**Student:** 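First the structure, which I've put down as structure tokens, then a few questions once you've had a look.
Treat the numbers as computed from the prediction; the structure is a model and nothing was measured. As the structure lists them, so they are numbered: ligands from 1, and atoms in each ligand from 1. The figures here come from the full heavy-atom set of this structure, side chains too, leaving out hydrogens, waters and symmetry mates.
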Amino acid sequence: GEEPKTLPDYAAWKERTALIVHSANTMETRRDAIGQGVVTPSDRLFVRNNLPTPPASIVANRDAWEVRIEGVKNPKTLTIGDLKEIGVSTVASVLQCSGNGRAFFPHGAGGTQWSVGAAGCILWTGVPLKDVVEALGGPVDGAMYITSTGGETLPEGLDPKTVKVERSVPTRAMESALLAWGMNDEPLPLTHGGPLRMVVPGYYGVNNVKYVKNVAFTKEQTDVKIQASSYRVRDVGKKGSPDQPSMWEMNVKSWVTSPLTSGRKGRNMIYGVAFGGTVSLDKIEVSLDGGKNWQQARFLGPDLGPYAWRPFVLAADLAPGEYRIVSRATDTKGNSQPEGRIDNERGYGHNGWSDHGVTVTVS
Ligand code: MSS
């Protein structure tokens with residue numbers, strides 16, 4: 001549809017010119033606004049809400065927000081004030097929507113037509129989940145999943161299971177998960193889940209539950225729709241079901257952020273971003289001829305750890321002409337971006353390098 005001109009109230013503080021506003025619930029960073037920084041400025045970060053944002057009153061007294069921890073030896077309700085006494089850590093991680101890149105699928109995958117901008121690299125500050133769990137006696141025997149519940153008030157008249165934002169991730173995520181109250185060195189904005197958010201570094205956006213009010217160690221995955229049938233990778237035309245892969249660990253990915261359409265003959269600096277999900281990066285290559293020849297590009301700025309993205313740059317001396325510029329990241333386990341995409345009903349997890357390329361005219 002037509003692009004709405006204004007930002008919704010709850011996101012009015014965002015930098016309008018840096019965003020494509022798809023709807024009142026979905027905004028992505030423009031490709032030319034991603035920049036060359038190691039961290040995405042908060043006012044440029046994409047937004048994706050499945051439900052109306054809770055009222056601002058929930059961030060009026062942040063330290064009083066309560067989260068219930070269950071499925072541990074000593075279940076307990078803790079305030080953010082309590083959490084702050086248990087421990088604190090800061091982790092850089094990429095927040096990326098499962099459907100980032102959906103716009104490139106030719107079958108017209110349903111949902112927001114995200115290009116590359118439903119992603120950003122954020123500094124999250126909070127308490128390591130494993131410290132909280134340890135303080136409460138550890139997980140109950142047989143716990144397989146960490147199940148987090150969002151704090152939205154559910155719309156009336158609907159089956160809660162069809163609308164509730166509740167996500168289960170495997171307990172292996174406990175090593176890096178964080179209950180975060182800070183984002184980019186500021187109190188976590190309501191727009192991004194304040195006062196408290198579950199952060200699962202290297203996992204797709206949906207697992208990073210905002211306004212988290214309940215965290216449970218469970219034997220089974222939750223049976224709510226957003227877990228059981230949504231965010232499942234399946235063939236085009238198939239319905240979602242619990243036996244299909246869930247959108248958990250992100251795959252290795254990169255894209256060029258500049259130039260996007262035109263350049264001047266001579267030296268051009270080609271910029272982009274790359275990340276490996278839960279695995280750190282080994283290298284990033286750039287091709288100026290649509291993938292026939294590759295050159296190794298150089299990472300730019302400090303390495304903020306395995307879950308962060310790395311801006312990259314390649315200096316290229318270009319004669320007038322047309323260039324198909326693509327990038328391909330490889331992680332330290334040897335996983336590389338594929339050339340193509342894996343078609344799937346909802347257009348999830350696209351990391352193919354070909355579709356993410358840009359055609360640049362140099363004159
Ligand atoms: N949480 C809650 N609570 N709610 C909602 O809705 N969403 C998801 C996550 N979390 C939600 C939550 C998603 S889906 C995403 S991406 C993310 O979040 C986003 O974020 P920001 O902050 O950006 O908005 Mo896809 O995979």
**Student:** Got a sec, which residues hit ring pair (Phe, Tyr, Trp, His ring centres under 6.0 Å) with Tyr271, two or more places apart in sequence or on another chain?
**Tutor:**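 For Tyr271, no residue satisfies ring pair (Phe, Tyr, Trp, His ring centres under 6.0 Å) once neighbours in sequence are set aside.
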**Student:** Does the distance from a Lys or Arg side-chain N to an Asp or Glu carboxylate O, for Arg30 and Glu28, drop under 4.0 Å?
**Tutor:**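 Answer for the salt bridge query: no.
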**Student:** Hey, what's the ring geometry for Tyr231 with Tyr348, parallel, tilted or perpendicular (30° and 60° as the breaks)?
**Tutor:**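 Tyr231 vs Tyr348 ring planes: parallel.
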**Student:** Sub-3.5 Å donor-acceptor pair from the side chain of Lys253 to the main-chain atoms of His350, do we have one?
**Tutor:**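 Checking the backbone N and O of His350 against the side chain of Lys253, a donor-acceptor pair under 3.5 Å is found.
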**Student:** Sort out the contact shell of ligand 1: every protein residue with a heavy-atom distance below 4.0 Å, listed by chain and number.
**Tutor:**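 The answer is Phe46, Val47, Arg48, Asn49, Asn50, Leu95, Cys97, Ser98, Gly150, Glu152, Val165, His192, Arg197, Gly205, Val206, Asn208, Val209, Lys210, Tyr211, Tyr231, counting any residue whose heavy atom sits under 4.0 Å from ligand 1.
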**Student:** Is there a side-chain contact between Ser246 and Arg167, using heavy atoms and a 4.5 Å cut-off?
**Tutor:**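 Yes, at least one pair of side-chain atoms sits under 4.5 Å.
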**Student:** Any side-chain heavy-atom pair from Phe217 and Pro75 closer than 4.5 angstrom?
**Tutor:**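 Answer no - side chains too far apart.
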